[in-house]
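Remember, it's 1-based here, ligands and their atoms both numbered in the order they're listed. Just so we're clear, the structure is a prediction, and the values are computed from it rather than from any experiment.
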Amino acid sequence: MLKVISFKICPFVQRIIGMLEAKSIPYEIEYINLSEKPRWFLDISPNGQVPVMVTENGTALFESDAIAEYLEEAYPPLQPGLSAEQKALDRAWSYLGSKQYLVQCSAQRSQNAQTLIERTKKLASAFAKVEKVLAAHPFFNSDSLGMVDLAWLPVLHRAHIIQENRGYDFLAFYPKTKAWQKSLLATGLAEKSVSKDFVEKFTGFYLSEETLLGRCEQGGECNAFNPEECCVEADCCKTEVMACKDFASGCGC
Ligand SMILES: N[C@@H](CCC(=O)N[C@@H](CS)C(=O)NCC(=O)O)C(=O)O
């Protein structure tokens, strides 16, 4: 059976588990402590990072993009019959998604408003790109789930948890992306791709007293700002650190 070496709140792992679940491929998971990586893990993981996926042949695959592409090639495809061009496009949109994982992690860990604004802006520039190409399909470019959907699943799932718990919505100004998020969440893959205690672990780390989002109260003053209308036009994000309450009026201008 395939084995995935994992860390509970890692978005790169979530994408891979999402693929395994979407394709109904049996797998097992072993969680490790990243601050005390076991010797056996370091021996099989060139970068010392999760996910690592050990195949049926005992080969340790690493790098989530490579693992996702392996799963799509080695098992029945999610969307059969795609042209080489379409596959290349899907990979490109998937890479754009996986590049946002660390951007989102750092936005969620922001300790003050200015940092949250800067980091939300970075994330928003990726949402603006997908917003332009999303059409009238429930999923990224189709009526059925594909590679791009799974690459963005961790980002859209985490944005949803933040919004539910704190009212801060990274997608507030991207209605098509929001609809896409809704379709993805309706598949149930978000829950299936994480551990049972994921929300607790995730909010414990990203919504702790140490983070600005953690200190903002649900239904309180912390609203998402519109980076396009507010920051680009009014250039107001150059202001110094703002308090949580400044979000109430967009980005405080
Ligand atoms: N480029 C890697 C990134 C994976 C990654 O950053 N994993 C994090 C956990 S989310 C990790 O293992 N960090 C431990 C470390 O870098 O030492 C991939 O796509 O698989």
Side-chain angles (χ1 to χ4, degrees), residues 2-23 25 27-55 59-75 78 87-88 90-110 119 122-123 126 130 140 146-162 170 189-208 210-211 213:
L2 295 177
K3 181 171 175 178
V4 181
I5 321 301
S6 174
F7 179 69
K8 284 196 174 166
I9 58 173
C10 176
F12 299 92
V13 173
Q14 187 180 0
R15 174 189 183 188
I16 298 308
I17 303 294
M19 277 201 75
L20 291 163
E21 288 286 342
K23 289 177 166 240
I25 303 170
Y27 63 96
E28 55 186 333
I29 298 189
E30 177 153 1
Y31 295 103
I32 59 162
N33 180 353
L34 286 178
S35 42
E36 244 178 282
K37 297 172 189 163
R39 184 73 254 161
W40 63 263
F41 171 71
L42 292 171
D43 288 344
I44 62 168
S45 165
N47 295 333
Q49 293 183 318
V50 293
V52 162
M53 192 182 76
V54 184
T55 67
T59 307
L61 304 180
F62 65 106
E63 284 297 328
S64 55
D65 287 329
I67 299 173
E69 284 162 25
Y70 165 80
L71 288 173
E72 188 60 354
E73 268 185 32
Y75 294 85
L78 287 165
K87 284 185 192 165
D90 285 356
R91 275 190 205 111
W93 286 107
S94 299
Y95 296 155
L96 183 69
S98 60
K99 269 193 238 153
Q100 305 316 311
Y101 298 169
L102 295 180
V103 178
Q104 185 180 34
C105 288
S106 69
Q108 290 162 171
R109 285 292 292 173
S110 303
R119 293 172 180 175
K122 266 193 167 177
L123 198 53
V130 291
F140 181 71
M147 291 285 278
V148 186
D149 299 293
L150 289 158
W152 284 81
L153 176 72
V155 175
L156 299 176
H157 180 208
R158 287 149 201 254
H160 172 71
I161 296 173
I162 299 280
F170 286 112
L189 280 170
E191 289 79 17
K192 287 187 193 157
S193 56
V194 291
S195 61
K196 296 239 172 314
D197 57 355
F198 174 75
V199 174
E200 188 192 327
K201 297 259 179 225
F202 174 82
T203 54
F205 185 64
Y206 289 108
L207 299 179
S208 73
E210 284 171 30
T211 69
L213 287 171

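- A 6.0 Å sphere centred on CD of Glu191 holds more than 12 heavy atoms belonging to other residues, nucleotides or ligands.
- A search for ring pair (Phe, Tyr, Trp, His ring centres under 6.0 Å) contacts involving Phe140 returns Trp93, Trp180, not counting sequence neighbours.
- Ring centroid separation for the pair Phe198 and His157 comes in under the 6.0 Å cut-off.
- Using a 4.0 Å cut-off between charged side-chain N and carboxylate O, Asp65 and Arg15 make a salt bridge.
- Nearest heavy-atom pair, Val103 versus Ser106, reported as atom, atom and distance to 0.1 Å: O-OG, 3.0 Å.
- Residue-environment remark: NZ (Lys201) stays at or below the threshold of 12 foreign heavy atoms within 6.0 Å.
- Residue-level contacts of ligand 1 at the 4.0 Å heavy-atom threshold are Cys10, Phe12, Leu34, Lys37, Gly48, Gln49, Val50, Pro51, Glu63, Ser64.
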